[in-house]
Amino acid sequence: MQFIDTHCHLDGEEFRDDLEAVVTRAREAGVAAIGVPGINLDSCQTVLELCRRYPGYCYPMLGLHPEDVKADWKEVLERIKKSLTSHFLDKPSGKAERSPLTSNTIAIGEVGLDYYWSREFEKEQLEAFEEQVRWAVELQLPLMIHCRKAQNEMVAIIKKYQHDLTGGVFHCFTGNEHEAEELLQFDKFVLGVGGVSTFKKSHLPEVLPAVVPLERIVLETDAPYMAPVPRRGERNEPAFVALVLKRLAEAYGVSEEEVAQKTNENVARVLGIII
Ligand SMILES: [Zn+2]
């Protein structure tokens, strides 16, 4: 049985000392591919470097995370856009087309809105997010979206572009039934479900089967954060996505193989990773 961790900060310094062992454990646990999101200028570079070390296994996503949006966001976005478009070849038609050699950037992310920690750069966050949503339209890449305490604002922006977007992931979904339904109205999007679903007090094991078909879920760890039970509190790592899969199989009353197969199909459809 194989499955995919769609969101893992494998380039983080938490993995610097034992990256090779972490990747080996992931492979042994059945993780067939890992999506690695960038969060700022530096991390977009480290993500690309890391993914070059593991071709066909680690897949980069590039973007500016809402918590990293500061006064200099315009300049930062310009530079991230350069790394992004250097992965595309210009065709004589003037339309960007993915290069067969370097077309491994699978999504714009992680991008979004986060009003939980600070609203200091609220306006900048909105502008930076919308700009990156426009990139997703222009480059026809899916979005990896981070959203905390800002669902209304995020949904309003996605609505403006929904017909031109290829789709994406609402990463780290932890909401209620109403919030899930609101996100599922975007039919090319899926919910990213991670370690929170395994927490004792989590309502996700009831919310998800009630309103979210398995066809709309992808698995993630968000490692090194959010380690699932029984590893809660430890450094998370991609191998632990198996624990999320197990919890979802219990919640939906289906086999682990079925969760793996459905979520793999969803990843192939939305993020284009085919294992
Ligand atoms: Zn993340």
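Residue numbers run from 1 in the order of the sequence given. Counting starts at 1 for both ligands and their atoms, following the listed order. Every heavy atom of this structure was used, including side-chain atoms; hydrogens, water molecules and symmetry mates were not.
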Got a sec, which residues hit ring pair (Phe, Tyr, Trp, His ring centres under 6.0 Å) with Y115, two or more places apart in sequence or on another chain?
none
When you compare the side chains of E179 and Q151, does any donor N or O come within less than 3.5 Å of an acceptor on the partner?
no
Got a sec, which residues hit salt bridge (Lys or Arg N to Asp or Glu O under 4.0 Å) with E120, two or more places apart in sequence or on another chain?
none
Contacts under 3.5 angstrom, residues 206-220 side chains, donor-acceptor by atom type, not counting sequence neighbours:
unit_1	atom_1	unit_2	atom_2	d
R216	NE	F189	O	3.0
R216	NH1	L184	O	3.3
R216	NH2	L184	O	3.1
R216	NH2	F186	O	2.8
R216	NH2	F189	O	2.8
E220	OE1	H171	ND1	3.1
E220	OE1	C172	N	3.4
E220	OE2	H171	ND1	3.0
E220	OE2	C172	N	2.9

Does a donor on one side chain and an acceptor on the other come within less than 3.5 Å for D114 and H146?
yes
What count do you get for protein N/O/S atoms less than 2.8 Å from the Zn ion (ligand 1)?
4
State plainly whether the residues R235 and D18 are in salt-bridge range, i.e. N to O under 4.0 Å.
yes
